[in-house]
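Indexing begins at 1, ligand by ligand and atom by atom, following the structure's order. Just the heavy atoms: all of them, side chains too, but no hydrogens, waters or symmetry mates, feed the values below.
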Amino acid sequence: MIADRFHQNFMVRGYAGSWHPSSHDQCSMLSVATSTRLLLRRHRPLPLTGRIRNLHRASSNEISILDQRYEVDGTTNITQSIIAKLPLRLHNQPAHPLGILRSKIESHFHDFARLSSVHPVVTPAKNFDLLGFPLDHPGRSATDSYYINKDYMLRTHTSAHEVETFAAGQSKWLLTADVYRRDEIDSSHYPVFHQMEGARVFKTDKAGIEEVKADNERLSRYLDQSNIVIEDIPHTSPTNPAQPTHDPVHSELVALNLKLSTNSLLLKLFGGGARDAPLQVRWIEAYFPFTSPSFEVEVLYQGKWLEILGCGVVQQLTLDNAGKYLCCFPFSAQPHPSPGIPDNIGWAFGLGLERIAMILFGIPDIRLFWSTDPRFLSQFSENKITTFKPYSKYPACFKDISFWVPEGGVHENDFCDLVRDVAGDLAEDVKIVSD
Ligand code: DAH
């Protein structure tokens, strides 16, 4: 039939060109970010925090956060979009890249306690003071952290739970949680991300020190046979000293245990390369208020050194504080008196899950972790590290177009030029479905 001969069907797969403020997909977040910026430029009179405070005040003197009501005051700078993130706890979804990574690390430290549902609201004392943060530390400022009011804030790091976890009597533990920091908008920064804190303490008596030594021997033997090259630095040095209350020998042994434990974790996460391409790890001197000596560790990945975690020998102040300040932990499950653990020495590390997951799963943009798009979520399954397959960041929008063509037919390229003129780069592909 004529209709069949001269009738061509094209399918144009492209973008809807709109965004939906209620959805969490990457497209909507990028669009929101862009339009917010424009809005701010046009309406300058109030600083951002002022406008947020007024928003809260206009409705009531209280805000509701995870079913608890808090009074707002001059310190309040938490926003509704951040409050909406609090119940999501991506690290607790077993088939989400963050949940998969969390399980992988937990399975490596198989005899460590696993904590992952700790309330995100903390006191500034818990987040900073009990860990020895100086009063003028920039992390305390309202431009860097989310305050609910002068007494409560969202934790900025999982270290905020060190004192209470030690106080609860845990000696080897991993704690995974969502953490909140006010940040710039780009593909590797997001105001909510996920950290895992790992810690281990040993008694300073003879049996405790024997336990460190035995563990160091076991781990050294394992690493000696493994495909890893480690650039090390001294466990303690004049610029990265043992703490004055520590026996320097104990401090060295514990710092070594930290390094060996971390190196074996990195091998589990990033190892497995060819014999002639060993995993390369390097240790760097660092400073954290709550550890001494302190370190950062990096791995060489695709020709670049990537910082993976911060760690160190836990400041004795943290262990001494464990138990002394339970009044500061209104959300701890079972407040109970504890003597603290002054006769212990230990190490801790803190790592960012997104940063590692982006490398392992090949996820190019941190905002994708928040996607509820099945094209993202269906790519991953429990206990498997798979490479992310990119898809359009906009929702797909199919158009079937059919039309009459002149007797000589229309070349596909003519039609493609037509589409390009109208849709520009928004059209992803054009296919002839029937001729
Ligand atoms: N809390 C630190 C941060 O968020 C990371 C960190 C560094 C954790 C050293 C630790 C540590 O436990 O020992 O940047």
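- Here the rule is side chain to side chain donor-acceptor pair (under 3.5 Å) with Asp178, and of Arg155, Lys85, Arg89, His194 only Arg155 fits it.
- Remark: His96 NE2 to His91 NE2 distance equals 11.5 Å, nearest 0.5 Å.
- Contacts of ligand 1 (protein heavy-atom distance under 4.0 Å) are His157, Ser159, Glu162, Arg181, Gln195, Glu197, Phe288, Phe290, Thr291, Gly310, Cys311, Gly312, Ala348, Phe349, Gly350.
- Salt-bridge check for Arg367 with Asp365: passed, with a basic side-chain N closer than 4.0 Å to an acidic carboxylate O.
- Environment of CG in Asp111: crowded, with over 12 heavy atoms of neighbouring residues, nucleotides or ligands closer than 6.0 Å.
- Ring orientation note: the planes of Phe380 and Phe361 are nearly perpendicular, at an angle over 60° on the 30°/60° scale.
- Remark: Thr158 engages Leu175, Ala177, Val179, Gln195, Glu197 in a side chain to side chain contact (heavy atoms under 4.5 Å, CB included) (not counting sequence neighbours).
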